[in-house]
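Some notes on the structure that comes next.
When a residue number appears, it is its place in the shown sequence, counting from 1.
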Amino acid sequence: IRLAARAMALILLTAGGAGFANAGDLSNTARATATAPGGAAVNSPTSTVDVPIIPAVRSMSVTKTGVYSDTDGDPGFTDGDTIAWSVTVQNTGNVTVSSITVADPLVSLVCPVSGNNTIASIAPGSSVICTANYTITQASIDNNGGDDGDIDNTATATGSAPGPGGPVAAAGSASVPVVLNPEMTI
């Protein structure tokens, strides 16, 4: 007489819960008990497996770029020319980041799906690109982009993710050099 048995169990535990060993491992011990034909008890040897627990990494990155567009064909920056800002928000962690707000002090960003500056969620390794156009003003040209020779801009992304800690946040900056073309005709 041959006795064969197979069992599988799926156990979901949270960090700090029962079953966690001291070194950050999940320790699982199992033993099978059965009754053979004729009523004899059959016991398997105890088997233990330690599985390393990978901690939650909650992180994002923000990359910002700006591309100048000459809208009127005049040399140098002129009032009404534009800068197309692109903000890439990437989940660099290993857990999903959700309820993300992307903020920019110069423009109102538009992210896909929402049509505004919010992103519902980004899975680990994935990214979302938000965009906006900034219209260059004469004041930006006159003060040479804030007296440093370029239009500076920083965008921030803030969201939430599972695991300990507060919000997940990141920032990225870009600069577009101001192209001046001073001239005067008499």
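- Considering only heavy atoms from C-beta on, V128 comes within 4.5 Å of P112 through its side chain.
- For the pair S114 (side chain) and T118 (backbone), a donor-acceptor distance under 3.5 Å is present.
- Remark: side-chain polar atoms of N94 are paired, donor with acceptor, to backbone N or O of V57 under 3.5 angstrom.
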Check the pair W85, N133 against side chain to side chain contact (heavy atoms under 4.5 Å, CB included), reporting the backbone distance first and the verdict last.
CA-CA 6 Å; W85 295 111; N133 286 324; over 6 Å; no
With side chain to side chain contact (heavy atoms under 4.5 Å, CB included) as the criterion, how do N116 and V110 come out once you've worked through the C-alpha distance, each side chain's angles and the decisive distance to 0.1 Å?
CA-CA 4 Å; N116 58 35; V110 176; over 6 Å; no
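- A distance-only check finds a donor-acceptor pair linking the side chain of R58 to the backbone of G166 [under 3.5 Å].
- Not one N or O on the side chain of D74 forms a donor-acceptor pair closer than 3.5 Å with the backbone of T78.
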For M60 and I100, what are the C-alpha separation, side-chain angles and deciding distance, and is it a side chain to side chain contact (heavy atoms under 4.5 Å, CB included)?
CA-CA 10 Å; M60 292 187 296; I100 303 161; 4.2 Å; yes
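- A donor-acceptor pair is defined here as one N or O able to donate and one able to accept, closer than 3.5 Å; such a pair exists between the side chain of T71 and the backbone of G80.
- Pairs passing the ring pair (Phe, Tyr, Trp, His ring centres under 6.0 Å) check and including a residue from residues 46-73, sequence neighbours excluded, read Y68-F77.
- Put simply, the side chain of C111 reaches to within 4.5 Å of the side chain of V102, judged on heavy atoms.
- Contact annotation: the side chain of S98 approaches that of S160 to within less than 4.5 Å [non-hydrogen atoms, C-beta and beyond].
- Residues in residues 115-133 take part in no salt bridge (charged side-chain N to carboxylate O under 4.0 Å, His left out) pair, two or more places apart or across chains.
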If you apply the rule side chain to side chain contact (heavy atoms under 4.5 Å, CB included), what do you find for V87 with T131, and how did you get there?
CA-CA 6 Å; V87 178; T131 59; over 6 Å; no
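- Rounded to the nearest 0.5 Å, atoms OG (S61) and CG (N91) are 9.0 Å apart.
- Using modelled atom types and a 3.5 Å distance limit, the side chains of D152 and S175 yield a donor-acceptor pair.
- Annotation for A171 and T156: closest pair CB-CG2, 3.8 Å, computed over non-hydrogen atoms.
- A side chain to side chain contact (heavy atoms under 4.5 Å, CB included) with Y134 holds for exactly one of T82, D104, D81, I151; it is I151.
- Atom CD1 of I119 is separated from atom CG of L109 by 9.5 Å, given to the nearest 0.5 angstrom.
- In this structure, the side chain of D79 engages the main chain of Q138 through a donor-acceptor pair within 3.5 Å.
- A donor-acceptor contact closer than 3.5 angstrom links the side chains of S173 and T154.
- Proximity of a side-chain donor or acceptor of R31 to a complementary backbone N or O of N43 within less than 3.5 Å is not detected.
- Donor-acceptor pairing under 3.5 Å is lacking for the side chains of T96 and S121.
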